[in-house]
Amino acid sequence: MNWYLTVIKKYAEFSGRARRKEYWMFALMNFLISILISIVGGLIGKSDGLIAVSLSGVYTLFIFLPSLAVTVRRLHDTNKSGWWFFIVFVPLVGPIVLLIFMVIDSDPDTNAYGPNPKQAPEPE
């Protein structure tokens with residue numbers, strides 16, 4: 001949960017680097033929270049009702065910028081520009097390439113985007 005909160009605290013911070021663990025723990029927590037919101041929305045009202053759509057919509061708007069920011073910081077960690085995010089719009093190949101960028105290991109040294117975050121203490 002601390003990895004998720006770390007990303008939220010850096011709400012729209014696009015500079016710096018985010019290690020693999022930070023990115024994937026955020027993605028996991030985001031996925032679990034989305035499922036929980038869908039279940040709660042389904043219990044409160046119909047699955048296609050206004051309440052379910054509103055809960056999901058509000059969460060999506062809330063989490064959009066942190067998701068984009070952590071993705072850009074993760075690209076920086078692999079020594080790539082944040083502009084590489086837009087490769088996701090290339091049909092079929094783009095999302096696969098972005099996934100590969102998210103999975104590869106960090107640049108072990110200090111790069112143009114900052115020091116290696118693996119050398120910093122982990123959030124508790």
Side-chain angles (χ1 to χ4, degrees):
M1 187 67 161
N2 290 331
W3 290 104
Y4 182 81
L5 295 175
T6 300
V7 172
I8 299 300
K9 287 176 187 174
K10 297 178 182 178
Y11 192 82
E13 186 177 321
F14 292 88
S15 62
R17 294 168 64 172
R19 57 188 292 195
R20 244 187 323 197
K21 188 172 185 179
E22 179 180 352
Y23 177 82
W24 288 108
M25 292 303 283
F26 173 76
L28 175 65
M29 288 302 300
N30 192 28
F31 176 72
L32 294 175
I33 290 171
S34 295
I35 288 174
L36 181 66
I37 287 174
S38 296
I39 291 170
V40 169
L43 291 174
I44 292 174
K46 296 179 183 176
S47 62
D48 61 341
L50 183 60
I51 293 174
V53 172
S54 296
L55 288 174
S56 295
V58 167
Y59 182 70
T60 301
L61 286 174
F62 167 74
I63 210 66
F64 176 72
L65 272 179
S67 298
L68 183 60
V70 77
T71 302
V72 168
R73 289 195 314 269
R74 178 71 194 122
L75 285 166
H76 288 172
D77 194 41
T78 60
N79 206 17
K80 292 178 183 41
S81 168
W83 292 104
W84 272 99
F85 170 77
F86 292 106
I87 199 165
V88 78
F89 295 114
V90 175
L92 300 174
V93 178
I96 294 169
V97 171
L98 187 64
L99 177 66
I100 291 169
F101 287 163
M102 297 297 110
V103 171
I104 61 176
D105 199 11
S106 305
D107 186 10
D109 300 320
T110 299
N111 64 22
Y113 304 103
N116 188 344
K118 285 184 179 180
Q119 297 168 352
E122 291 187 11
E124 296 178 10

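Note that these values count all heavy atoms, side chains included, but never hydrogens, waters or copies made by symmetry.
Phe14 and Leu65 get closest at one heavy-atom pair: CZ-CD2, 4.1 Å. The minimum heavy-atom distance linking Ala112 with Asn79 is given by the pair N-OD1, 4.3 Å. Contact record, Thr110 with Pro115: OG1-CA, 3.7 Å, taken as the closest heavy-atom pair.
When the side chains of ILVMFWY residues are joined at heavy-atom separations under 4.5 Å, either directly or via intervening members, Val70 and Trp83 end up in a single hydrophobic cluster. Leu75 and Tyr23 end up in the same hydrophobic cluster when Ile, Leu, Val, Met, Phe, Trp and Tyr side chains are linked at under 4.5 Å. Tracing side-chain contacts under 4.5 Å through hydrophobic residues (I, L, V, M, F, W, Y), one never reaches Leu61 starting from Leu55; they form parts of separate clusters. Leu99 and Phe101 fall within the same hydrophobic cluster, where Ile, Leu, Val, Met, Phe, Trp and Tyr residues are linked whenever their side-chain heavy atoms come under 4.5 Å apart, directly or through other members. When hydrophobic clusters are built by joining Ile, Leu, Val, Met, Phe, Trp and Tyr residues whose side-chain heavy atoms come closer than 4.5 Å, directly or via intermediates, Leu5 is grouped together with Tyr59.
Between Phe89 and Phe85, the ring-plane angle classifies as perpendicular under the 30° and 60° cut-offs.
A donor-acceptor pair is defined here as one N or O able to donate and one able to accept, closer than 3.5 Å; no such pair exists between the side chain of Arg19 and the backbone of Ser106. Within the 3.5 Å criterion, the main-chain N or O of His76 finds a donor-acceptor partner in the side chain of Asn111. With hydrogens and angles ignored, the 3.5 Å screen pairs no side-chain donor or acceptor of Trp24 with any backbone N or O of Val103.
Leu32 has its side chain out of reach of Leu36: every pair of non-hydrogen atoms, C-beta onward, lies at least 4.5 Å apart. You'll find the side chain of Trp84 stays beyond 4.5 Å of the side chain of Leu98, heavy atoms only. Side-chain contact between Tyr4 and Ile63: present, with at least one pair of heavy atoms (C-beta onward) separated by less than 4.5 Å. Contact of the Thr71 side chain with the Phe26 side chain is not registered, since no non-hydrogen atoms from C-beta on lie closer than 4.5 Å. Using a 4.5 Å heavy-atom cutoff, the side chains of Phe62 and Ile8 are in contact.
Sorted by first and then second residue, the salt bridge (charged side-chain N to carboxylate O under 4.0 Å, His left out) pairs involving residues 75-104 (not counting sequence neighbours) are Arg17-Asp77, Arg74-Asp77.
Atom CZ of Arg73 and atom CD of Glu22 lie 5.0 Å apart (nearest 0.5 Å). Taken to the nearest 0.5 Å, the CE atom of Met29 stands 13.5 Å off from the CH2 atom of Trp3.
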### Task
Determine, stepwise, if the pair Leu92 / Ile96 fulfils side-chain contact (heavy atoms from CB on, under 4.5 Å).
CA-CA 7 Å; Leu92 300 174; Ile96 294 169; 5.9 Å; no
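Every residue meeting the salt bridge (charged side-chain N to carboxylate O under 4.0 Å, His left out) condition with Asp105, not counting sequence neighbours, appears here in chain and number order: Arg20, Lys118.
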